[in-house]
Q: 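Okay, here's the structure, questions in a sec.
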Amino acid sequence: MEKYAQVIIDISRRGLDRTFTYRIPQALQEKVRAGSIVMVPFGAGSTLRKGYVTGFSDHAGIAADRIKEIAEVLEPTRGYSMEDDSEYYLRLAAWMKNRYGATMAAAMRTVLASRKQGKILEHRQIRLLLSEEDAKEKLAEFDKKHQKARARLLKELLEVPLLPWTLVTARLHVSSSVIQAMKRMGIIEVESVQELRNPVNVSASTRTGMKLSEAQQRIVDRVIADFDALQEREAGTPRVSLIHGVTGSGKTEVYISIIRQICARGRQAIMLIPEIALTFQTLMRFYSHFGDRVSVVNSSLSDAERTDQWERARRGEIDVIIGPRSALFTPFSNPGVIVIDEEHEHSYKNESMPKYQTREVAEEIARMHGAVLVLGSATPSLESYWRAQQGEIRLFRLQERLTGGTLPSVETVDMRQELQHGNRSILSRSLYEKIRARLSAGQQSMLFINRRGYAGFVSCRECGFVPKCPHCDVSLSLHGNGRLVCHYCGYERPAFRTCPECGSRYVLAMRAGTEQIEGVLQQTFPQARILRMDADTTRKKGSYEKILSAFSAEEADILLGTQMIVKGHDFPGVTLVGILMADMSLYGDDYRSAERTFQLLTQAAGRAGRGTEAGDVVIQTYQPQHYAIRHAARQDYEGFYREEIAYRRLLRYPPAAHMMAVQIQSEDEDAALHAANGIRRLLMEADPSGRKYRIIGPAGASLRKLRDLFRFVMYIKAEKYDTLIDCKDRIEKTEAEHPAYISRNVEIQFDFDPVNPF
Ligand code: ADP
Ligand code: ZN
Ligand code: ZN
């Protein structure tokens, strides 16, 4: 009997998001499985296209002479396989399609990104050739000559005599020319090996012996007990745990211990860390525990190198993968734990279709595999903390900083008072004095410019007044036409000539950039060595790392930068952190502004006093009484959470309710607007009483025109997530069936519980 396969073609285009039937030739019948990646002839010219097999049937359903055959199966053969491994991907893609709204092809592409075929690369490693004594001598020489990169590499090699090349170049920020030079000097050799060997003598590692504190051990025991209970399918066992603990409280040590025990049970681990926090030191800790059973993926790897890591996972050569968001889809046979460190980070939200939230997909993957999910953060997302409060996930606290260092003392400066005292500078008198003292003491300062927020942010320089939307309680943005606009509902009004609160004429759009501020600083402190880090200075590949390593080598006195500088990195020499324009992010035009501000300020303040010296933090603001700023100054997460959740409840914003952005774009402005209004009508008709959901907008998006596309957005708010899925399904159906409502040149995207404005 003939066999037929249902195939989804790998093109994200409206009208093609359905299956097509293909005959399976005799020769391929063994190889084609649900989830297989195949090449099939498609379209009038029968060009070969990639497709995904989603199911089978015994009859074609169309005329036999019109049916085409599968040409090839791309699926690489694997050393082992979970029985329904392919179907697993199919199920996961279907789940994502349903939850986030995307074509099946886009969902398949996302979950199968890791299953591209590639050839196996050779790994390069760097080996120290000198004896310890000679190496130390060389190190002293490099230090004396200020050959920082050479010294850095040699220092690490003294700890671990064999290091992977990619780790050294991408994370230790040592260039290949430096490596070559050291090779010529006979200090190191570069070896090529087919497989990455154990870079570390694990048994000799000092770290394996670390005894966990009682609080740490309690968490590990509880999570492992949950894991074991899940294997027995005990009902009601929590699958997700949240560890709330400041940086340095021992979370990573807990992750490592959990991963170790779960790997000992024959399962694998996925460790997610935001790219920006993926430091060499952190990676080395994992290497020292798991040796060649751990691997890293990050954006500095080439496609081939990345594919190579996936291949090793597929073959069962590694147990642990470390990486950002995309590492979630590592093709392990049976992961037992997924860890998401810094779980509040916005980089965990995928901003292309399907616009998924990593936490949620991780939980679904964990559910499918009988695995546990561990989240960790110093400033948990409102979503996770809310779920912990509801008893849906376990909450653990780690209170103390194990790294020592006292908590910094924080001063909040009211910039309105500075103005009243005649100080028009961007530096308050207090911050000025403190920087000066640091410079003469030879200590380092970090200045964080909170420029997050959006072009068009308007405020009064005299009193701090910010115009807000009367309906949505988010700040209005100044548009080119001189009008103030709400990006949620489209409410508009003319810009203020004078401040309605204090009558001042200084109600202006904020424009101070990092470059201007650098200029002012240099004028104020001519002798200071200043490094600037922002989108402009980090555009070139590797420049970000270069700035950070220069600062950590104390080649500069002041590091000035945007939010890039507040994440992850430890600079023991920093004893002062100044935060300029702390309110900026407070008035971003979305409901997460306060949360974002609290997180940024808490992180920034946490940068001070990591070393032996106590640290100072100065927060400059026009809104010293705002709860996000008050609680950040006290590093009081609980206090912040209580006020923020009350606000979310009141206005029915997530996590107290759910929200879906429907993003509509087209080259044809009329068509886009027509579609937007059509969708609004459609949804109104489906819920005439307005009991199930509320529709806000459509309004012009924050970038109303981008790359020649006209963009509109509307928001649907509902108590239940499922209600929003229904709305999405209704829109998708209309899109497919009624071009009169939504014409073909209009593209529609969905964003559930959005993180970034469209
Ligand atoms: P986090 O991940 O919360 O930032 P880490 O796990 O990195 O915290 O721990 C911070 C520092 O404390 C690290 O240097 C780590 O080696 C050390 N540390 C963690 N747990 C212990 C422990 N039980 N005993 C001694 N030192 C510890
Ligand atoms: Zn005013
Ligand atoms: Zn509004």
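Start at 1 and go down the list; that is how both ligands and their atoms are numbered.
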Q: Could you check D341 against Y255 for side-chain hydrogen bond (donor to acceptor under 3.5 Å, both in side chains), going step by step and ending with a plain yes or no?
A: CA-CA 9 Å; D341 192 31; Y255 306 150; 2.7 Å; yes

Q: Between K155 and R152, is there a side-chain heavy-atom distance shorter than 4.5 Å?
A: no

Q: Angle at the Zn ion (ligand 2) between SG of C463 and SG of C460, to 10°?
A: 110°

Q: Answer yes or no: is there a donor N or O on one side and an acceptor on the other, between the side chain of R648 and the main chain of P654, under 3.5 Å?
A: yes

Q: Do the ring planes of Y591 and Y653 sit parallel (below 30°), tilted (30 to 60°) or perpendicular (above 60°)?
A: parallel

Q: Between the candidates S249, A378, G250, which shows the shortest non-hydrogen contact distance to atom 9 (O) of ligand 1?
A: G250

Q: How wide is the angle at the Zn ion (ligand 3) spanned by C469 SG and C486 SG, rounded to 10 degrees?
A: 110°

Q: Cationic tip of R634 within the cone over Y637's six-membered ring, i.e. under 6.0 Å and within 45° of the normal?
A: no

Q: Do E343 and R359 sit within salt-bridge range, that is, some charged N less than 4.0 Å from a carboxylate O?
A: yes

Q: Using distance alone, determine whether Q216 and ligand 1 share an N or O pair under 3.5 Å.
A: yes

Q: Would the distance check show the side chain of K251 and the main-chain N or O of G245 forming a donor-acceptor pair, the cut-off being under 3.5 Å?
A: yes

Q: What angle, in degrees and rounded to 10°, do you get at the Zn ion (ligand 2) when you join it to SG of C502 and to SG of C499?
A: 110°

Q: Measure V246 to ligand 1 on non-hydrogen atoms and call it side chain, backbone, both or neither using the 4.0 Å cut-off.
A: backbone

Q: Would you call E644 and R592 a salt bridge, using N to O less than 4.0 angstrom?
A: no

Q: Could you pull out, from Q217, E342, E253, R285, the option with a heavy atom nearest to atom 7 (O) of ligand 1?
A: R285

Q: Going by the atom numbers of ligand 1, which of them fall below 4.0 Å from some non-hydrogen atom of K211?
A: 22 (C), 23 (N), 24 (N)

Q: Under a 4.0 angstrom heavy-atom cut-off, which atoms of ligand 1 come close to L212?
A: 23 (N)

Q: With heavy-atom distances below 4.0 Å as the criterion, list the atoms of ligand 1 near T247.
A: 4 (O)

Q: Need the ligand 1 atom indices (1-based, order shown) with element for anything under 4.0 Å from a heavy-atom of S213.
A: 23 (N)

